[in-house]
Protein chains: 4
Amino acid sequence: MKHMTNVARAASWKTASSRSERSERIRSALLSAAAEVVGEVGYAEASVTMITQRAGVGQGTFYNYFKSRQDLLDSLLPDLGEQMLDYVRDEAVGGSGFRDLEEKSFRAFFGFLKSTPQFPRILNEAESFAPAGFQKHLDNVSKRYIRFLQRSMKNGELQDYSEGELEVVAYMLMAARSYLSQRYMSPDGRSVELPRLAADAYMKFVLYGLVGRPPEEK
Amino acid sequence: MKHMTNVARAASWKTASSRSERSERIRSALLSAAAEVVGEVGYAEASVTMITQRAGVGQGTFYNYFKSRQDLLDSLLPDLGEQMLDYVRDEAVGGSGFRDLEEKSFRAFFGFLKSTPQFPRILNEAESFAPAGFQKHLDNVSKRYIRFLQRSMKNGELQDYSEGELEVVAYMLMAARSYLSQRYMSPDGRSVELPRLAADAYMKFVLYGLVGRPPEEK
Amino acid sequence: MKHMTNVARAASWKTASSRSERSERIRSALLSAAAEVVGEVGYAEASVTMITQRAGVGQGTFYNYFKSRQDLLDSLLPDLGEQMLDYVRDEAVGGSGFRDLEEKSFRAFFGFLKSTPQFPRILNEAESFAPAGFQKHLDNVSKRYIRFLQRSMKNGELQDYSEGELEVVAYMLMAARSYLSQRYMSPDGRSVELPRLAADAYMKFVLYGLVGRPPEEK
Amino acid sequence: MKHMTNVARAASWKTASSRSERSERIRSALLSAAAEVVGEVGYAEASVTMITQRAGVGQGTFYNYFKSRQDLLDSLLPDLGEQMLDYVRDEAVGGSGFRDLEEKSFRAFFGFLKSTPQFPRILNEAESFAPAGFQKHLDNVSKRYIRFLQRSMKNGELQDYSEGELEVVAYMLMAARSYLSQRYMSPDGRSVELPRLAADAYMKFVLYGLVGRPPEEK
DNA sequence: AATGAATGAGCTTTCATTCAT
DNA sequence: AATGAATGAAAGCTCATTCAT
């Protein structure tokens, strides 16, 4: 699926078998199309017409699946956000210890962006255009992050931080991922390439900041 | 003046004396009005009508001062950004040493938000809606930040970071300010109140991360 | 149909059966409405609102049929011009000889104006407001005219004129039709009544000028 | 005066001596500027701003000299029309006989266009945009033309035409001048160059048509 | 269920005119 | 008398949404 063209993927519902599966595929095609369009032109400029054309369905069809344009926009980030979290979880599985897991998931995040370079823009604009979805996403991610930090702390891997402080730190690290992904976005918005230097600096700062020790030489 | 209502402040040009002063005040009223409106409803929804009504001038007047709606939007962040930098510079003046200066300017940033709570949203959306202005602002701020970090490093106050790494760290800290300001925005978007805990956690993380030592007890 | 009011005619699409027929009727209603409006107030004042109201459709509907206001204006003269040429051809059919054909088509032109009194104004203004359409129309008409003159010349009916001269003469005769139609337009612009005297004078001048003999008594 | 640049001519009021002369010059500068502007962009697009800028006076000044934009537009053609008639009269003076006078004045008309190539467009559009001025102009010109034709007739130089017929013919010849001037306008609208062929064809047709004899060899 | 044409609210922008200086 | 900034009416156009097919 990864290498089908966008349109082909979008229109894949045409081969659906059962009625409900077809339905599911159209909905998904609309979401994918919306992700692409919003990634390219932003929420404000993403019109229903553009989205339905990209998805290969009629304009009116849109309203069989979403109550309104805003309804879809609200679904966009939560949908993508879960994909992102699933991806990162899968990639980081089997890691051990704070340092290893943090690095794996940091890299996995940027790995995810290779297939979904629209994500940073969608995330950034969602705060204004789909605030509910944005909050939901932030909660999801921060909760997971905080749990991870707390576990690491219980294992004695981190400096002494209170639970409230860990929440703040979690936000700072999410912020860092977000800013760095935008910072290293290609000008056309179609790919993100994080330089090794940036990844190293991130890890160095985080390890000093949380563990209190510099990264070990590899 | 600080506590006049927005509209009253905006319409203060009516008392202007000379013609050029009046002109200056209207331009400034339009920019202030735009900052308020964009802060409330975002770039995309900020219409010329809303802005001129808020500023207390006729619709057509807008185009005596700005070539187009986009022209004003492009001026918005650079304008506010300079105000912010001026404010922070004034507040941090007289501080000494990395720890002191960093803390002073961190707090000053949030102090600035008390008078301009629209800033975080404007900054965030500018990336999409006024990209040129956004880049300009980011360059301004990051350059100043990096210089500050380099100076601190020369003074032997920081761990060993390369110049390139310092740039990455600067971005991470700008990101942290941005995210935290949004995290602690009141739901109505009209004020930012950074809890002591958050400020402490920030300083703790930064000091561990950069200096390698925990914050001294005050 | 001829005597339905403008609005009623325009709104006749409401009784259309198939979808594509309905489409065709709306497009045609818009063109008719535009012809009327332009005939009354001129190109410059013919607003999309006026045209759609006259056609009995919503404003937005306009843009389902024409890319822009200018797009419709550009279609106006070519559209009417063909109607005019068709009408004149039909009326002049069966005539024989230069004198007969010229007179028949001259009268047919003014006959056409009975049903489309807006034509002279549209033609006149098109030069400024729809130059492409104007050129197209002039080419169509002049080519036909020149061919007719050349045929008459080959038949030995005319004085000796070179091909280039015939083109100039064709322009002069088109000019005459245009000016005379404007000269004898009723003050309200709603009808053209060419006096017998004018038609006679035209024919007399043309016959002397081209044939070299006065019109025969009828 | 003929060779001053437009702007210089327009602003020549600055050197005026008496108050009323200055006044007169500004009014005249506005009319000249309007002629240029309308010649270039047409009545519909000729804004007060463009005209005052071209004339070198402030925008507000306009309304000290004309009641409204339309007021000036209405004055435009009568003003230019008189200049044209004066010019043609001067050039044709001393001619003798219909043939000579007609040819002289025909050529003089095109001579006038060399210095005022805006004339055809202004004349053409005036019918729609300044109908009163247009009628006035047409009356002026046609009356003169008819008088000329009647005089020639009394001298036995023309075929037998009734007075009413002469009026129609006069219109036809005015139409011819107008169409030919537009036909041979350069694409940029800045000059008119009538080819010898066209002038010859015109004279040939007119002489056959009115005199009944071909042009004599020169 | 899928469609796409019809719709009007609402946008940005222009410009003739007014009026305080 | 000359000015140019202020103004709002009115324009062309877009697009989310509805609805008949």
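Values below: every heavy atom of this structure, side chains too, minus hydrogens, waters and symmetry copies. Residue numbers start from 1 in every chain, and the chains themselves are labelled A, B, ... in the order their sequence lines are given, proteins ahead of strands. This one's a predicted model, so the numbers in the text were calculated from it and none came from an experiment.
Between the C1' atom of F/dA1 and the CZ atom of D/Arg25 lies a distance of 17 Å, rounded to the nearest Å. Rounded to whole angstrom, the span from the CE atom of D/Met50 across to the C1' atom of E/dT14 amounts to 13 Å. Between the CZ atom of C/Phe62 and the P atom of F/dA11 there is a distance of 14 Å, given to the nearest Å. Rounded to whole Å, the distance from CG on C/Leu73 to C1' on F/dG12 is 12 Å.
Nearest nucleotide to the side chain of D/Gln59, out of E/dA16, F/dA16, F/dA2: E/dA16. The side chain of D/Tyr63 lies closest to E/dT17 when the candidates are F/dT17, F/dA6, E/dT17. Considering only the side chain of C/Val48, F/dG12 comes nearest among E/dA2, F/dG12, F/dA6. Of the candidate nucleotides E/dT13, F/dT7, E/dA2, E/dA2 has the atom lying nearest to any side-chain atom of A/Tyr65. Comparing E/dT17, F/dC13, E/dT3 by their closest approach to the side chain of D/Ser68 singles out E/dT17. The side chain of D/Asn64 lies closest to F/dA2 when the candidates are F/dT17, F/dA2, E/dG10.
Nucleotide F/dT7 is matched to E/dA16 when pairs are restricted to Watson-Crick or G-U wobble geometry with both distances under 3.5 angstrom. Base-pair partner of E/dA1: not found among the strands shown (Watson-Crick or G-U wobble, both distances under 3.5 Å).
Applying the 4.0 Å criterion to OP1 and OP2 of E/dT7, one finds that C/Thr61 has a side-chain N or O inside that range. Between A/Arg22 and the phosphate of E/dA2, there is a side-chain N or O to OP1/OP2 separation shorter than 4.0 Å.
Heavy atoms of D/Gly60 sit under 4.0 angstrom from at least one base atom.
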